[in-house]
Protein chains: 2
Amino acid sequence: MLKRYFPILTWAPDYRRATFEADLVAAVIVTIMLIPQSLAYALLAGLPAQVGLYASIAPLVLYTLLGTSRTLAVGPVAVASLMTAAAVGEIAAKGTAEYLGAAIALAFLSGAMLLAMGFLRLGFIASFLSHPVISGFISASGILIAASQIKHLLGVSANGKTLPEIARSLAEHLGTTNIPTLIIGIGAIVFLFWARKGLRQALERLGVKPRLAGLLVRAAPVFAVFVTILVTWAFDLEAAGVRVVGTVPQGLPTPALPPFDLTLWTRLAVPALLISIVGYVETISVAQTLAAKRRQRIDPDQELVALGGANLASAFSGGFPVTGGFARSVVNFDAGAETPAAGAFTAIGMALATVLLTPALYYLPQATLAATIVVAVLSLVDLGAIRRTYSYSRGDALAMVVTILVTLGVGVEAGISAGVGLSVLLQLWRSSRPHYAVLGQVPGTEHFRNIKRHRVITASDVLSLRVDASLWFPNARFLEDTIYGAVAADPAIRHVVLNCPAVNFIDSSALEALEAVNQQLKDAGVLLHLSEVKGPVMDRLKRSDLIAHLGGQVFLTHHDALCALSPKLTMGTQNAPRCETAR
Amino acid sequence: MLKRYFPILTWAPDYRRATFEADLVAAVIVTIMLIPQSLAYALLAGLPAQVGLYASIAPLVLYTLLGTSRTLAVGPVAVASLMTAAAVGEIAAKGTAEYLGAAIALAFLSGAMLLAMGFLRLGFIASFLSHPVISGFISASGILIAASQIKHLLGVSANGKTLPEIARSLAEHLGTTNIPTLIIGIGAIVFLFWARKGLRQALERLGVKPRLAGLLVRAAPVFAVFVTILVTWAFDLEAAGVRVVGTVPQGLPTPALPPFDLTLWTRLAVPALLISIVGYVETISVAQTLAAKRRQRIDPDQELVALGGANLASAFSGGFPVTGGFARSVVNFDAGAETPAAGAFTAIGMALATVLLTPALYYLPQATLAATIVVAVLSLVDLGAIRRTYSYSRGDALAMVVTILVTLGVGVEAGISAGVGLSVLLQLWRSSRPHYAVLGQVPGTEHFRNIKRHRVITASDVLSLRVDASLWFPNARFLEDTIYGAVAADPAIRHVVLNCPAVNFIDSSALEALEAVNQQLKDAGVLLHLSEVKGPVMDRLKRSDLIAHLGGQVFLTHHDALCALSPKLTMGTQNAPRCETAR
């Protein structure tokens, strides 16, 4: 039991020197990657730079204690930071104490919700987010985030939450572009893109070993940070109008309680839920992918607990919502991390950075951080997915396009809500019209097949119907419509046999529909029979009135039904004795 | 085409004298029943009495033109009237012109929505309302309606929208009870209950023919109205504090446009949608039930059009939302109505009543109408359904109880929304964990069965998995979890064969899950195969990348898969030649 909630107990006792070394190397690489990212995502969320550092210490330790993934790296990520900015921006103005307080409260609420969902084993709620919706949402977020950073690259003041608003505001302020800022920003972007695409090959051509080359590529953002700090300091670019990060408080965060304010919590509840679910889906996707590659196992419900713990830790140490980062976890995995201890070592690295490096961050241009963000998020944008999805399923592509357009045009919460709503509607629509077949007998056999696809024989007064779905409220009305329609269309019908091998479940709506069908058919002189009802379904039906009131019978096989109801038809199969098994 | 949208063209050409007589008799009976009901439901909706009469004329004519049910009787009904009162009460004070205007706008919006849903064939939206939710909602509405009428029976001023509010308000005003009103109210209730239970037998014992006795029972509310009008007039009970209907404008409604006010429409949009859906579900249920008894057919999408037309007609003639009434339609059916013409004849009857009877309504006590409502709605309350549903499905019973409690405690819109939300969540939860089985071979046969239920043999390096559900976003994560879990648990596994006879559909979320599974398994040295994929599913899969990238193969039968992957296991079945058919 203790092991279930503290998975560290399963791996810590076997912890060895070799594992320690592997984890340490991975932690160093992740730390180098995480320093600029944590600063940048705090900026994206509209928060002081140090909040990003704070959110990269305690949460990682908590995940080490609670997480079941060996290689997941948690911390501030782009999409959750954008969602934080959107939610908190509704409540307070950037730069105020209320804004920071609301971001901390958001982490707290999100953590509490995740923890509750974990204890209640409600991980299935994440299923609401279909792939097209999550993919569309992440693409749209990437575009929105990149657009929101252009002002930092230009050194202008602009605002706006939707793509049209941002574009309009940028157009208005374009005249005030600060040239030194633009040079730093464009330079950093070009360098970072090149580092992604060409640096590794260039280094390897120079004879650098692949492993070191890979490490140097990861260090490119830190290098950009270092160089631009130097340049800004050396040429006093702050005086030339280049906006810098400025004074960052030195030292570790002081533990504090998140603000307790019910009005604030009420206003943040929906955003906190959305951030929790989106964050969880991202986390579980990457954790599962990496675990499967090594045939390891993660526990989705415990991941809710771990992510909840990480967010609570973030809130109590002055941070903002965190989640499992995709790129960061892949780096951790590739760098050879073997246990969640790598996360704790990364936390130590980030703590050292918070203590030692903060004075140097004064001269860090915001444009450099913006460039880091732009390069990172553009890899999230995958508009080709629309075409691929469209070629497979138009409905799913529609859900994706709507999610993208609403996210860009209205906002992140509206976008994800519209996508989820449409997916659920689509699922309901599909559920509401299941595949069904009118059956006939394959001559000389006991097999019954779709009369539209096979040469079969049918009895004029028996309608054999197979519905290829569980019967429940989305298709209860369809079931009634279909049976009544078929019976009304053919006055010769005296028996309807519902063939149920594909029915895994009958809910009470479908049960009532069947009871109504049974009654209405009886009144119209037609008997309803069932055949091939699965064991668990039959057990449940016996607890209802349907079987007692059934006009017809329940047959073990459809062939039994036909040889009881229409002996002439089935005579050729010489199976008369089996007819005795009815009911 | 014209016939599809105007079903009257299908039956009117064959209209005969005998049909006319049957329809006329039914229309007389329904008119007698509808006069007090239409007044009472207008009162319930907080509207002047004549609005109930107006809503019982033009809508009936429109339904005659557009409806596909032979026997449905539309008009004001209890639940829609309660929902109207709840929605319009948010916007204006009772008795004002704004209140009436909002009720008319609600009918207009509801009509427009129903019409749009009909043309777009969106009838499936009604599937959102599962039986437990609709049943719970109607029971709770019945209780709320009855509670809301107590003040009229006591002759006190009370208010409140939820059961606790109404109870508190009644308790406060109990001291001001008007004794003459109470006597009329209790007298009417006792008489009407007795008329329902004992009048028919009493009349038949007196030698009245069954048909006439049935008619007289239907006339009981009209009789109560007549007697209480006489008593109130004769003893001048208005002066004694008995509240009466008062002056009712004489004559037919003047056609008028509903108020065009976008702000108003926006505020009424959600209530209009809920009224439309609830009304449609009631309508379609009763229409389908009655049609099936005579082996007739209704067209659910055309019923949306017809109900939409009826509501627009109501709005344009100064009425409020209407729908197909359950009790009224059953009476129409029992009275022998054969075509929708009976509805048009009822409309003529109601028009005559509006012209001739309105002066007499001045002295009609509100307590009499309240008694009519109480007796009518208490038959809607079916709390035993909770127990019956609980014994069949706890989840469905929970949805029902939540719907009832929220409707009573918070309000009608909140109640139905909570019920729908919970049903969808429940459906998602069920969809998210489909039944699945690990398969083994029944020795000496080509059959594969659940290893937990049958004596079967398995190959140590092949995992055969059958999922008994379509694969889509609610269970995409489950699919990944299940496969990764099984493979991680048994290092011997080299092949996973997904047996797909129960898979009717794979959406893009599940497709991506399968692609991920395929890739992750490949990386872990395991091949993913598919077997028994249905034709339409395979056609769609061929449009994706999955088949091209599949680590393993697609087999026609599961036996083919096993004899290709584990020939030793299947040797005994002497089916080697069939193995050639793979892929």
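Chain letters run A, B, ... following the sequence lines, proteins first and then strands; every chain starts at 1.
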Identify which part of L290(B) has an atom lying under 4.5 Å from any heavy atom of chain A, answering side chain, backbone, both or neither. neither

Name the region of Q519(A), side chain, backbone, both or neither, that has any atom closer than 4.5 Å to a heavy atom of chain B. neither

Contact class of P132(B) relative to chain A, heavy atoms under 4.5 angstrom: both

Can you check whether N504(B)'s main-chain N or O pairs, donor with acceptor, with D468(A)'s side chain at less than 3.5 Å? no

Chain B contact via I298(A) - which portion, at a heavy-atom distance below 4.5 Å: neither

Backbone N or O of V487(B) within a donor-acceptor pair of the R297(A) side chain at under 3.5 Å? no

Side chain from CB out, backbone as N, CA, C, O: work out which of these in R433(B) comes under 4.5 Å of a heavy atom of chain A, or both, or neither. neither

Contact part of W472(B) toward chain A, heavy-atom cut-off under 4.5 Å: side chain, backbone, both or neither? side chain

When heavy-atom pairs shorter than 4.5 Å are enumerated against chain B, which of S285(A), P300(A), G485(A) gives the highest number? G485(A)

Check each atom of V133(B) against the heavy atoms of chain A and say whether the ones under 4.5 Å are side chain, backbone, both or neither. neither

Considering only heavy atoms and a distance below 4.5 Å, find which of S423(A), S544(A), A516(A) pairs most often with chain B. S423(A)

Quick one: which of V526(B), D545(B), L129(B), D507(B) has the most heavy-atom pairs under 4.5 Å with chain A, could you say? D507(B)

Looking at R388(B), Q427(B), Q296(B), K293(B), which has the largest count of heavy-atom pairs under 4.5 Å with chain A? Q427(B)

Looking at V281(B), D481(B), D523(B), which one has more heavy-atom pairs under 4.5 Å with chain A than the rest? D481(B)

Chain A heavy atoms under 4.5 Å from S470(B): which part of the residue, side chain, backbone, both or neither? neither

Choice from P434(B), A126(B), P474(B) maximising heavy atom contacts with chain A below 4.5 Å: P474(B)

Measuring heavy-atom distances to chain A, does L511(B) have an atom under 4.5 Å in its side chain, in its backbone, in both, or in neither? side chain

Gap between atom CZ of R477(A) and atom NE2 of H131(B) - 0.5 Å precision: 6.0 Å

Which of the residues A502(A), G535(A), P491(A) is involved in the greatest number of heavy-atom pairs with chain B at under 4.5 angstrom? P491(A)

Is there a side-chain contact between Q288(B) and Q520(A), using heavy atoms and a 4.5 Å cut-off? no

Go through the atoms of I493(B) and report whether side chain, backbone, both or neither lie under 4.5 Å from a heavy atom of chain A. both

Contact part of S432(B) toward chain A, heavy-atom cut-off under 4.5 Å: side chain, backbone, both or neither? side chain

Quick one: what part of D299(B) sits under 4.5 Å from any heavy atom of chain A, side chain, backbone, both or neither? neither

Select, from A397(A), G525(A), A510(A), A292(A), the one with the greatest count of heavy-atom pairs under 4.5 Å involving chain B. A292(A)

Please classify the contact of P501(B) with chain A as side chain, backbone, both or neither, using a heavy-atom distance under 4.5 Å. neither

Would you mind checking which part of S135(B) comes under 4.5 Å of any heavy atom in chain A, side chain (CB onward), backbone (N, CA, C, O), both or neither? neither

Given the ring of Y392(B), does R540(A) sit roughly above its face, with NZ or CZ under 6.0 Å from the centre of the six-membered ring and within 45° of the axis? yes

Part of S391(A) lying under 4.5 Å from any heavy atom of chain B: both

Measure the spacing between CD1 of I125(A) and CG of L425(B) and express it to the nearest 0.5 Å. 5.5 Å

Side chain, backbone, both or neither: which part of I506(B) has a non-hydrogen atom closer than 4.5 Å to chain A? both

The interface call for T389(B) against chain A, heavy-atom contacts under 4.5 Å, is side chain

Interface residue of largest heavy-atom contact number with chain B, from L122(A), T289(A), V424(A), under 4.5 Å: T289(A)

Tell me whether the count of non-hydrogen atoms from other residues, nucleotides or ligands lying under 6.0 Å of CH2 in W11(B) goes above 12. yes

More than 12 heavy atoms of other groups within 6.0 Å of F505(B) CZ: yes

